[in-house]
**Q** 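Input: one structure, supplied below.
Below, chain A is the first sequence line, B the second, and so on; all start at residue 1. Note that the structure is predicted; figures quoted are calculated from it, not measured.
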Amino acid sequence: MQNLLHNLNPEQLAAVTLPAQPALILAGAGSGKTRVLTTRIAWLIQTGQVSPGGILAVTFTNKAAKEMMTRLSAMMPINTRGMWIGTFHGLCNRLLRAHYRDAALPQTFQILDSQDQLSMIKRLLKANNIDDEKYPARNLMYFINGAKDQGLRAHDVEAFDDYNRKMVELYEIYDQQCQREGVVDFAELLLRTYELLSRNQPLREHYQARFKHILVDEFQDTNNLQYNWLKLMAGTQGAVFAVGDDDQSIYAFRGANVGNMSAFEREYKVENLIKLEQNYRSHGHILDTANTLIANNTKRLGKNLHTDAGHGEQVRIYESTSDLQEAQWIIEETKSLIAEGGTRSEIAVLYRSNAQSRVIEHALFSAGIPYRVYGGQRFFERAEVKHAIAYLQLMDNLHNDSAFLRVVNFPTRGIGARSLEQLQDAAKQYGISLYAAVPYVAGKAGSSLGAFVKMIEGARFESQHLPLPEMVQVVLDASGLITHYQNEREGADRVENLEQLVSAATLFVSEEGFGHDAPALLGPKSEQMVGPAITTLDGVEVLDADAPLPAVMSPLSAFLSHASLEAGDNQAQAGQDALQLMTVHSAKGLEFDAVFITGLEEGLFPHENSQKEEGGVEEERRLMYVAITRAKRRLYISFSQTRMLHGQTRYNMKSRFFDEMPEESLKWLSPKVQQQQHHSYAHPKAAWEDALGAGSNKIAQAITKVDIGWRIGESVAHAKFGEGVIVNIEGSGGSARAHINFGRHGMKLLDLSIAKLDKVPG
DNA sequence: TAGTGCGGTGTTTTT
DNA sequence: CACCGCACTA
């Protein structure tokens, strides 16, 4: 116990040892949030206030859940079994598996990932002859997910116009189709669990009584449904220990509601509000920069981070003429950091959007600097793996039409659009799944479809007693996937990934405690599977506190859930000492010795789309706050005068965020570029070739426009709109007009003979 | 039915 | 620039 609590600062200690009451912990970046969470769990258990089975700890990512588990087992001798630590979705999956009948789901229900969901919606639009220009699949998906995230079923959504009435109607059709196929999307996992518990009082009371302590990580990221889910789990008396940071709320665009923090404080009459403001990560100048920037936001709960670490180095600001040059500069700085003894994996390059990574990657590649890009495609999302998974899904649940369509003609078996049309008609006519409709299709189409069904059934028969990894192998062979990729010229990697799927299954089976010879598929007596883990209390069936996964799911079902809920690592060579490239979003929760934040330009960061949205710029500012607070010792921020985006050069102004950072903490680097740029006024052509690369049309344009006194890319000042950059010039002489990007004031088309513009020296 | 080429489009992302 | 969906041809 001494060990457990020593080294905590007074606020951390206070948080860890709070009584069993609702508590809100405002945990600033780098303030030891995870430490507080895990130490509290350990403390609660070690002081005998709660048994492991009384703990429910919820996170957003699998990584965070794993991290918590790891730290806990390092902290405590006892095993972590019986504790429910997981993501919202993982925990809901477990509950729904245990109570699948009450939740009106088939025992082998499957989880759609976003890709699957989108393709299902596209299919649905087609089947119902909906104009997908008017109702784009993506919009419908946002609509459905948005509604579900608010806890609303189709009939709960109020539609005030025809457009929305149609959307609601499609939402209803979508849900029916999911139910027919026995599939649930991510939001459905939560909504279904929420409905299950809210309708079933005994069940709800059971879990409320069991979970004496509910701990929530990243509370600022909860959406309304998640918050309501928590309230349902906690009941009115629940000891909810919510940890979050309103300044790091960067997921409003996907339904996160920071307002849940103050709602929680109000609704639960939280008396225990603790702020963790001592930062153990960053040096003073970095922290000052973050604090000063975020102070520009109006809607804050209020918090100011401080450090004992001393000022450290100033934040280095760099202006480049082009994105290429920005990348080149990153490489030079990286090299000197390494030369000074830095480690590549302790250096991160952050950007606002993924499109920015290409230029940087290219430069790093040419320079021979190892790097790792986060957020790329992950293992279970790769096409070949998804195909293999779809075969497995189909074998576990023959009514999964999405899985059926994905693989029915892959590898190609002569089943084309015509055949599938017939099949879909039959399925619609009888209200059955595609698989079940196969016997109703006659002729040539019928026989090739029949052969497919035979293949699936053969594989099912062959693997009915086999453990999971062997079943996967059977599927890979029987489906012809392996052969297909072996014959493909560039298929070697894909074959390797398919083989890795077998290894992944082996690892999964042993990690989750399934017997090595446990059959992957549900046997004929499968209905009893849930037996041993379910206890009947006063006529209510509830899941045993420490029921392991095998008690509620077959190995195959569990593996398929795992594939949907944990997309796996992205391929990049982990472990190797490589530079870390990622979006600012994916950097949340991480820290590095040195950080580059790139592309600090109006329109990019803050992103142009954020201007239109209510509170959008504040969210961008929080995003920048997150980015800054990733850095421990050294921080670089860069922006570029020109940038290639979507195949054309854009001229942006530097980000407004520069005006919101403390001048004394910034060090403006004066690179060679600046001199070149000044030089360029005398020799515009040379500068433009430099910036854009020879041969660009823009160079010619830039030069021919010199005669009217202005050129593309030049900075100007306007009395009303402030500073701007000339993006394009049309016409010539007295009738010339210029498109000028005034950043936050937007793009304006001004008549050059009328508008009063001043030159702004570079 | 299967493979090629054109045009439209384009934040951020975890589950 | 790169990806996707669609239309067209063998």
Side-chain angles (χ1 to χ4, degrees), chain A residues 58-65 86-93 111-119 122 126 132-133 136-138 142 145 148-149 184-191 217-218 221-223 225-226 249-256 323 350-359 361-362 374-378 380-381 409-421 444-445 448 561-568 570 582-589 599 603-613 616 619-620 622-624 626-627 643-650:
Chain A
V58 196
T59 64
F60 276 86
T61 66
N62 293 298
K63 200 172 146 202
T87 62
F88 279 101
H89 296 85
L91 295 166
C92 286
N93 182 40
I111 302 165
L112 296 178
D113 66 19
S114 337
Q115 265 181 65
D116 301 334
Q117 188 188 19
L118 187 63
S119 59
K122 282 179 183 165
K126 259 205 184 107
D132 58 359
E133 300 265 292
R138 205 164 277 279
Y142 292 149
N145 290 343
K148 288 189 180 184
D149 285 345
V184 297
D185 57 51
F186 287 134
E188 183 72 25
L189 280 171
L190 277 138
L191 183 52
D217 192 16
E218 306 277 17
D221 287 338
T222 50
N223 63 34
L225 177 56
Q226 286 159 338
S249 158
I250 55 173
Y251 285 111
F253 71 93
R254 65 175 202 222
D323 47 354
L350 309 184
Y351 33 82
R352 176 65 181 78
S353 67
N354 284 305
Q356 288 167 253
S357 78
R358 261 200 38 250
V359 174
E361 280 185 70
H362 184 79
Y374 278 77
Q377 213 181 29
R378 292 175 304 174
F380 285 109
E381 290 167 359
N409 197 35
F410 193 92
T412 50
R413 316 186 158 86
I415 301 170
R418 279 300 306 268
S419 311
L420 290 179
E421 225 168 85
K444 198 159 153 261
S448 39
S561 300
H562 169 79
S564 302
L565 292 176
E566 282 192 60
N570 35 343
M582 65 193 84
T583 63
V584 179
H585 280 93
S586 34
K588 194 170 92 164
L604 197 62
F605 202 175
H607 196 276
E608 52 198 347
N609 294 358
S610 70
Q611 320 252 12
K612 300 167 206 132
E613 288 152 33
E619 175 138 326
E620 295 288 304
R622 290 192 293 270
L623 197 50
M624 184 60 188
V626 167
R643 185 175 296 279
M644 249 335 216
L645 199 66
H646 304 321
Q648 53 180 327
T649 309
R650 307 201 347 170

**Q** Please tell me if A:Lys122 has a side-chain N or O lying less than 4.0 Å from either OP1 or OP2 of C:dG5.
**A** yes

**Q** Could you measure the distance from the CG atom of A:Leu350 to the CZ atom of A:Phe605? Nearest 0.5 Å is fine.
**A** 9.0 Å

**Q** Taking the side chain as C-beta and beyond, is there a heavy-atom pair between A:Thr61 and A:Lys588 under 4.5 Å?
**A**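 With C-beta onward as the side chain, the pair stays apart.
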
**Q** Measuring only between side-chain heavy atoms, which start at C-beta, is A:Leu118 closer than 4.5 Å to A:Gln115?
**A** no

**Q** Rounded to the Å, how far apart are A:Leu225 CG and B:dT14 C1'?
**A**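 These atoms are roughly 15 Å apart.
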
**Q** For DNA chain B, whose closest nucleotide is more 5', that of A:His646 or that of A:Leu420?
**A**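 The answer here is A:Leu420.
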
**Q** For the side chain of A:Ser610, starting at C-beta, report the closest nucleotide among B:dT11, B:dA2, B:dT14.
**A** B:dT11

**Q** Need one value for A:Glu620: base, sugar-phosphate or nothing, where a base atom within 4.0 Å counts as base even if backbone is also close, heavy atoms only.
**A** base

**Q** Among B:dG3, B:dT11, B:dT13, which nucleotide sits nearest the side chain of A:Asn609?
**A** B:dT11

**Q** What is the distance, rounded to the nearest whole Å, between atom CD of A:Glu381 and atom P of B:dT14?
**A** 8 Å

**Q** Quick check on B:dT1: is either OP1 or OP2 less than 4.0 Å from any side-chain nitrogen or oxygen of A:Ser419?
**A**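 Indeed, a polar side-chain atom of A:Ser419 lies that close.
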
**Q** Taking the side chain as every heavy atom from C-beta outward, state whether A:Tyr351 and A:Val584 have any atom pair closer than 4.5 Å.
**A** no

**Q** By the 4.0 Å heavy-atom rule, please label A:Asp185 as base, sugar-phosphate, or nothing.
**A** nothing

**Q** Which part of the nucleic acid does A:Glu613 contact within heavy-atom distance under 4.0 Å: base, sugar-phosphate only, or nothing?
**A**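 It contacts base atoms.
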
**Q** What's the CZ-P distance between A:Phe60 and B:dT15, to the nearest Å?
**A**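 Computing the A:Phe60:CZ to B:dT15:P distance gives 11 Å.
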
**Q** Return no unless some side-chain N or O of A:Asn145 is found under 4.0 Å from OP1 or OP2 of B:dT15.
**A** no

**Q** With sugar-phosphate meaning primed atoms plus P, OP1 and OP2, does A:Asp113 contact a base, only sugar-phosphate, or nothing at under 4.0 Å between heavy atoms?
**A**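 Result for A:Asp113 = nothing.
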
**Q** So, does the side chain of A:Ser114 form a donor-acceptor pair with the base of B:dT15 at under 3.5 Å?
**A**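 When only heavy-atom distances are counted, A:Ser114 does reach the base of B:dT15 through a donor-acceptor pair under 3.5 Å.
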
**Q** Do A:Thr222 and A:Phe88 touch side chain to side chain, with heavy atoms closer than 4.5 Å?
**A** yes

**Q** Look at the side chain of A:Ser353 and decide which nucleotide, out of C:dG5, B:dT11, B:dT15, has an atom nearest to it.
**A**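 The answer is B:dT11.
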
**Q** Figure out the CD/P separation between A:Gln356 and C:dA2, and round it to whole Å.
**A**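 Taking atom P of C:dA2 as the reference, CD of A:Gln356 is at 15 Å.
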
**Q** Tell me the interatomic distance from A:Met644, atom CE, to B:dG10, atom C1', rounded to whole angstroms.
**A** 15 Å

**Q** So, is B:dT12 syn or anti if syn means the angle is within 90° of 0?
**A**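 With its glycosidic angle more than 90° from zero, B:dT12 counts as anti.
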
**Q** Under 4.0 Å between any heavy atoms, over every strand shown, what does A:Tyr251 touch: base, sugar-phosphate, or nothing? Just pick one.
**A**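 Sugar-phosphate contact only - A:Tyr251 comes under 4.0 Å of backbone atoms but never of a base.
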
**Q** Assign A:Arg352 to base, sugar-phosphate, or nothing according to its heavy-atom contacts below 4.0 angstrom with the strands shown.
**A** base

**Q** Do A:Phe253 and the base of B:dT12 stack face to face, with centres under 5.5 Å apart and an angle between planes under 30°?
**A**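 Per 5.5 Å and 30° rule: yes, stacked.
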
**Q** Classify A:Gly647 by what it touches in the nucleic acid, base, sugar-phosphate, or nothing, heavy-atom distance under 4.0 Å.
**A** base

**Q** Would you mind reading off the distance between A:Gln117 atom CD and B:dT14 atom C1', rounded to a whole angstrom?
**A** 13 Å

**Q** Within this structure, what is the CG-to-P distance between A:Asn62 and B:dT13, rounded to whole angstrom?
**A**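 Distance, rounded to whole Å: 17 Å.
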
**Q** For A:Ser564 and A:Arg418, take the nucleotide of DNA chain B holding the closest heavy atom to each; which residue's nucleotide lies nearer the 5' end?
**A** A:Arg418

**Q** Rounded to whole angstroms, how far apart are CG on A:Leu645 and P on C:dC1?
**A** 13 Å

**Q** Within less than 4.0 Å of OP1 or OP2 of B:dT11, is there a side-chain N or O belonging to A:Asn354?
**A** no

**Q** Taking only side-chain nitrogens and oxygens of A:Ser586, does any of them come within less than 4.0 Å of OP1 or OP2 of B:dT12?
**A**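 A:Ser586 to B:dT12 OP1/OP2: no side-chain N or O under 4.0 Å.
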
**Q** Starting the side chain at C-beta, find the nucleotide from C:dC1, B:dT13, B:dT11 nearest to A:Arg358.
**A**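 For the A:Arg358 side chain, the nearest candidate turns out to be C:dC1.
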
**Q** Look at A:Arg378 and B:dT15 and indicate whether a side-chain polar atom (N or O) is within less than 4.0 Å of OP1 or OP2.
**A** yes

**Q** Over 60° means perpendicular and under 30° means parallel, so tell me whether A:His585 and A:Phe253 are parallel, tilted or perpendicular.
**A**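 Rings of A:His585 and A:Phe253: perpendicular, over 60°.
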
**Q** Within a strict 4.5 Å, meaning less than it, do heavy atoms of the A:Leu189 and A:Leu565 side chains meet?
**A**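 Yes - at least one pair of side-chain heavy atoms lies under 4.5 Å apart.
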
